[in-house]
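Only a predicted model underlies this, so the values are computations on that prediction, with no experimental measurement involved.
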Amino acid sequence: MPRRAPFIVVEGLDRSGKTTQTALLCSQLEKSGHRVALMKFPDRTTAIGKMIDSYLRSQSELDDHAIHLLFSANRWELSHQIESHLESNTIVVCDRYAFSGIAFSAAKGLSYEWCRAPDIGLPAPDLTLFLDITPEKARERGGYGEERYEKEEMQRKVREVFGRLGSEPRHGNGEEGERKASWVVVNAGKDQESVSADIWRHVEGLVGGLDEDIARLWAEKL
């Protein structure tokens with residue numbers, strides 16, 4: 001029997017289809033007979049999450065450093081839940097994770113290294129699917145501009161930081177650890193069914209489970 005279930009993260013710009021695609025992926029996994037836990041960050045139901053929600057809806061103001069740390073704290077308060085699911089052979093599918101936190105804060109001008117520091121040691125995804133879409137294409141989709149960061153210039157900067165994150169090792173101990181982490185770019189500008197099929201092609205090989213321990217984000221920095 002595999003030691004644990006895989007941890008899958010779906011990232012992307014605003015209005016790239018993350019919420020739709022994570023829901024479709026969870027449904028497909030369940031239909032295939034797998035136990036699945038869908039998680040979303042920020043989790044706006046927690047005490048910290050409610051503060052974040054107020055900020056994102058422009059109902060409150062916070063220093064950029066302070067809101068970044070709140071986003072990270074929101075992930076840490078649920079990190080044990082992620083690990084518990086994985087160890088009980090429940091696949092975790094996550095809509096946004098630490099990479100979004102870094103990308104949005106660094107795009108605002110904060111130091112990349114400073115932005116990464118609070119998330120060092122979090123459970124590391126086994127697969128990160130980056131739904132790539134141009135800010136111009138995202139703007140054509142319904143609801144664009146409702147939240148604080150949904151501005152084209154901001155989204156362009158965020159996309160650049162995501163590109164840096166995707167090119168760097170994210171966890172592990174040397175070469176062995178670097179091979180474990182997989183970052184896949186998915187063209188999110190295509191129709192919904194095509195994007196879903198692309199995602200499934202990358203996920204399918206993991207659903208049987210993994211024999212490796214849960215890795216840690218940027219473990220070499222610990």
Side-chain angles (χ1 to χ4, degrees), residues 7-23 25 38-46 48-49 51-57 62 64-79 81-82 92-135 138 141 143-168 170-171 181-186 188 199 216-218:
F7 179 19
I8 300 164
V9 167
V10 181
E11 288 279 14
L13 300 187
D14 292 334
R15 308 297 165 180
S16 60
K18 296 180 311 304
T19 300
T20 298
Q21 291 299 333
T22 51
L25 176 57
L38 172 60
M39 303 182 73
K40 300 181 180 183
F41 287 104
D43 183 327
R44 305 188 191 207
T45 65
T46 70
I48 292 172
M51 296 173 66
I52 294 171
D53 182 63
S54 175
Y55 172 82
L56 289 176
R57 294 178 185 276
L62 288 167
D64 288 341
H65 297 80
I67 189 62
H68 181 80
L69 294 174
L70 284 177
F71 272 107
S72 181
N74 189 229
R75 291 184 283 273
W76 276 108
E77 66 180 338
L78 294 170
S79 62
Q81 186 175 325
I82 292 172
V92 174
V93 176
C94 194
D95 181 349
R96 291 204 185 281
Y97 195 49
F99 312 116
S100 278
I102 296 166
F104 280 87
S105 290
K108 289 190 288 184
L110 301 186
S111 160
Y112 179 90
E113 295 294 335
W114 186 90
C115 292
R116 184 173 63 174
D119 291 316
I120 292 172
L122 278 171
D126 301 292
L127 172 65
T128 302
L129 298 152
F130 177 66
L131 303 190
D132 192 28
I133 189 171
T134 64
R141 300 186 171 181
Y144 190 83
E146 291 179 357
E147 292 198 329
R148 183 181 293 262
Y149 296 139
E150 290 179 353
K151 306 291 187 293
E152 280 189 48
E153 182 58 30
M154 178 65 174
Q155 296 291 312
R156 274 192 286 272
K157 292 177 181 178
V158 169
R159 192 182 187 205
E160 290 175 4
V161 183
F162 270 126
R164 176 175 177 178
L165 284 160
S167 68
E168 295 179 348
R170 286 160 293 286
H171 69 71
S182 179
W183 180 288
V184 174
V185 177
V186 176
I199 287 173
R216 301 289 160 188
L217 280 175
W218 303 291

task = Please step through side-chain contact (heavy atoms from CB on, under 4.5 Å) for the pair I67 and F104, ending with a clear verdict.
result = CA-CA 11 Å; I67 189 62; F104 280 87; over 6 Å; no
request  = Could you tell me which residues satisfy side-chain hydrogen bond (donor to acceptor under 3.5 Å, both in side chains) with Q21, sequence neighbours excluded, listed by chain and number?
outcome  = none
query = Taking all non-hydrogen atoms of both residues, which atom of I52 and which atom of L70 are closest, and how far apart?
reply = CD1-O, 3.6 Å
inquiry  = If you apply the rule side-chain contact (heavy atoms from CB on, under 4.5 Å), what do you find for L165 with F130, and how did you get there?
reply    = CA-CA 10 Å; L165 284 160; F130 177 66; over 6 Å; no
query = Yes or no on side-chain contact (heavy atoms from CB on, under 4.5 Å) for Y97 and L122, after CA distance, side-chain angles and deciding distance?
reply = CA-CA 10 Å; Y97 195 49; L122 278 171; 3.6 Å; yes
ask   = Who are the side chain to side chain contact (heavy atoms under 4.5 Å, CB included) partners of E77, not counting sequence neighbours?
value = T46, I48, N74
key: I133 vs R15 side-chain heavy atoms within contact, under 4.5 Å   = no
message = What's the separation between atom CZ in R159 and atom CG in D132, rounded to the nearest 0.5 Å?
response = 4.0 Å
ask   = Does any non-hydrogen side-chain atom of F99 lie less than 4.5 Å from one of L217?
value = yes
remark   = Residues at least two apart in sequence or cross-chain that pass side chain to side chain contact (heavy atoms under 4.5 Å, CB included) with V184, listed by chain then number, are L127, L129, S182, V186, H202
query = Where does the angle between the aromatic ring planes of F162 and W183 fall among parallel (under 30°), tilted (30 to 60°) and perpendicular (over 60°)?
reply = tilted
task = Only counting residues at least two apart or in another chain, list the ones meeting side-chain hydrogen bond (donor to acceptor under 3.5 Å, both in side chains) with S72.
result = D119
Heavy-atom closest contact (L25 atom, I8 atom, distance) = CD2-CG2, 4.3 Å
remark   = What one should report as the nearest heavy-atom pair of K157 and A107 is CD-O, 3.5 Å
task = Check step by step if side-chain contact (heavy atoms from CB on, under 4.5 Å) holds for Q81 and D43.
result = CA-CA 12 Å; Q81 186 175 325; D43 183 327; over 6 Å; no
query = How far does CD of E11 sit from NZ of K18, to the nearest 0.5 angstrom?
reply = 8.0 Å
ask   = How close do P42 and L56 get, heavy atom to heavy atom, and via which atoms?
value = CG-CD1, 4.0 Å
Pairwise distance CZ(R75) to CE(M39) - rounded to 0.5 angstrom = 12.0 Å
message = Tell me the closest heavy-atom pair linking L38 and T22, and the distance in Å.
response = CD1-CB, 4.0 Å
inquiry  = Just to verify, what does R156 make a side chain to side chain contact (heavy atoms under 4.5 Å, CB included) with, not counting sequence neighbours?
reply    = P135, E136, E152, E153
ask   = Taking atom CE of M51 as the centre, does the number of heavy atoms from other residues, nucleotides or ligands within less than 6.0 Å exceed 12?
value = no
request  = Report the distance from atom CD of Q155 to atom OG of S16, rounding to the nearest 0.5 Å.
outcome  = 8.5 Å
request  = Enter the distance from E168:CD to Y112:OH here, rounded to the nearest 0.5 Å.
outcome  = 3.5 Å
inquiry  = If the condition is ring-ring contact (aromatic ring centres under 6.0 Å, His included), which residues does W114 pass it with, not counting sequence neighbours?
reply    = H65, H68
query = What is the minimum heavy-atom distance between F7 and C94, and which atoms define it?
reply = CE1-CB, 3.8 Å
